[in-house]
Amino acid sequence: MPKSDYFEDVYEVVRLIPTGRVTSYGAIAAYLGSKRGARMVGWAMNNCHSRPDVPAHRVVNRQGLLTGKHCFGSPTAMQELLEAEGVPVKNDQVQEWNRHFWDPLVELQ
DNA sequence: GCTGTGACTTTTT
DNA sequence: TAAAAAGCCACAG
């Protein structure tokens, strides 16, 4: 049993994101039970350095904007990763966000 | 033990 | 319609 279940849960949901799909912090937070916990999800991602298996580039904000791109070392690394997986990104913004949006509450039910 | 901060979201002005 | 403020929970100092 890990000490921070909240973080572990966030990482687990992020790992379940299929390739070519993206989700929002609020969706993960809502899946955990608190939509207001979106900031905690971002905090967990900030500690993503402790979890190399967490595709944080698949997690963006509600607007589909690549907010945490700066955490990848390069401001374009996140965009390149998403485009490499089949998710078109323009101006740090996911194209067809509504189509690529992956909701754990719906997919994982 | 208390304060500050944070890759957000929602509501109100 | 756009912009600004508040709310929220958890970790770090």
Side-chain angles (χ1 to χ4, degrees):
Chain A
M1 287 293 284
K3 301 164 188 172
S4 304
D5 286 287
Y6 216 95
F7 276 41
E8 290 295 323
D9 201 349
V10 173
Y11 298 138
E12 186 170 329
V13 175
V14 176
R15 273 188 222 131
L16 291 172
I17 302 174
T19 307
R21 292 286 171 173
V22 279
T23 189
S24 59
Y25 304 93
I28 298 172
Y31 179 73
L32 298 180
S34 299
K35 57 188 176 185
R36 307 287 178 172
R39 307 181 75 162
M40 271 75 272
V41 178
W43 209 253
M45 294 292 100
N46 195 358
N47 283 275
C48 73
H49 292 84
S50 301
R51 308 291 189 278
D53 292 343
V54 178
H57 59 272
R58 291 180 189 160
V59 185
V60 293
N61 66 353
R62 247 314 185 174
Q63 301 175 359
L65 190 70
L66 310 185
T67 34
K69 59 184 181 178
H70 61 79
C71 190
F72 287 79
S74 297
T76 54
M78 193 172 184
Q79 180 174 333
E80 292 294 309
L81 285 168
L82 287 171
E83 289 181 328
E85 295 190 343
V87 181
V89 180
K90 190 76 172 185
N91 292 333
D92 301 328
Q93 187 175 299
V94 177
Q95 303 302 288
E96 296 187 272
W97 163 247
N98 190 20
R99 277 172 58 81
H100 292 294
F101 180 65
W102 180 83
D103 190 345
L105 287 171
V106 177
E107 301 296 329
L108 303 178
Q109 290 185 358

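We name chains A, B, ... by the order of the sequence lines, and we start the count at 1 in each one.
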Could you state the atom-to-atom distance from [atom1] of [X] to [atom2] of [N] in whole Å?
X        : N      : atom1 : atom2 : answer
A:Asp92  : B:dA7  : CG    : P     : 15 Å
A:Tyr6   : B:dC8  : OH    : C1'   : 12 Å
A:Leu66  : B:dC8  : CG    : C1'   : 15 Å
A:Met45  : B:dT9  : CE    : P     : 13 Å
A:Trp43  : C:dA12 : CH2   : P     : 9 Å
A:Asn46  : C:dG13 : CG    : C1'   : 15 Å
A:Gln63  : B:dT10 : CD    : P     : 11 Å
A:Phe101 : B:dC8  : CZ    : P     : 15 Å

Given A:Val14 and A:Met45, is the side chain to side chain contact (heavy atoms under 4.5 Å, CB included) satisfied, shown in steps?
CA-CA 10 Å; A:Val14 176; A:Met45 294 292 100; 3.9 Å; yes

When all nucleic acid strands are considered with a 4.0 Å heavy-atom cut-off, which category describes A:Gly26: base, sugar-phosphate, or nothing?
sugar-phosphate

Which residues in residues 54-62 of chain A have at least one heavy atom lying under 4.0 Å from any atom of DNA chain B?
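Per residue number, the list reads A:Ala56, A:Val59, A:Asn61, A:Arg62.
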
Distance-only donor-acceptor check, side chains A:Gln95 and A:His100, under 3.5 Å:
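Short answer, no.
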
Quick one: does A:Tyr31's side chain get under 4.5 Å of A:Asp103's, heavy atoms only?
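A:Tyr31 does not reach A:Asp103 side chain to side chain.
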
Audit row: A:Val22, A:His57, side chain to side chain contact (heavy atoms under 4.5 Å, CB included) steps and yes/no:
CA-CA 8 Å; A:Val22 279; A:His57 59 272; over 6 Å; no

Starting the side chain at C-beta, find the nucleotide from B:dA7, B:dC8, C:dA10 nearest to A:Arg39.
B:dC8

If you apply the rule side chain to side chain contact (heavy atoms under 4.5 Å, CB included), what do you find for A:Val59 with A:Ile17, and how did you get there?
CA-CA 9 Å; A:Val59 185; A:Ile17 302 174; 3.9 Å; yes

Taking side-chain contact (heavy atoms from CB on, under 4.5 Å) as the definition, give me every residue that meets it alongside A:Asp92, ordered by chain and number, with sequence neighbours left out.
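Checked A:Asp92 against side-chain contact (heavy atoms from CB on, under 4.5 Å); matches are A:Leu65, A:Leu66, A:Lys69, A:Gln79.
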
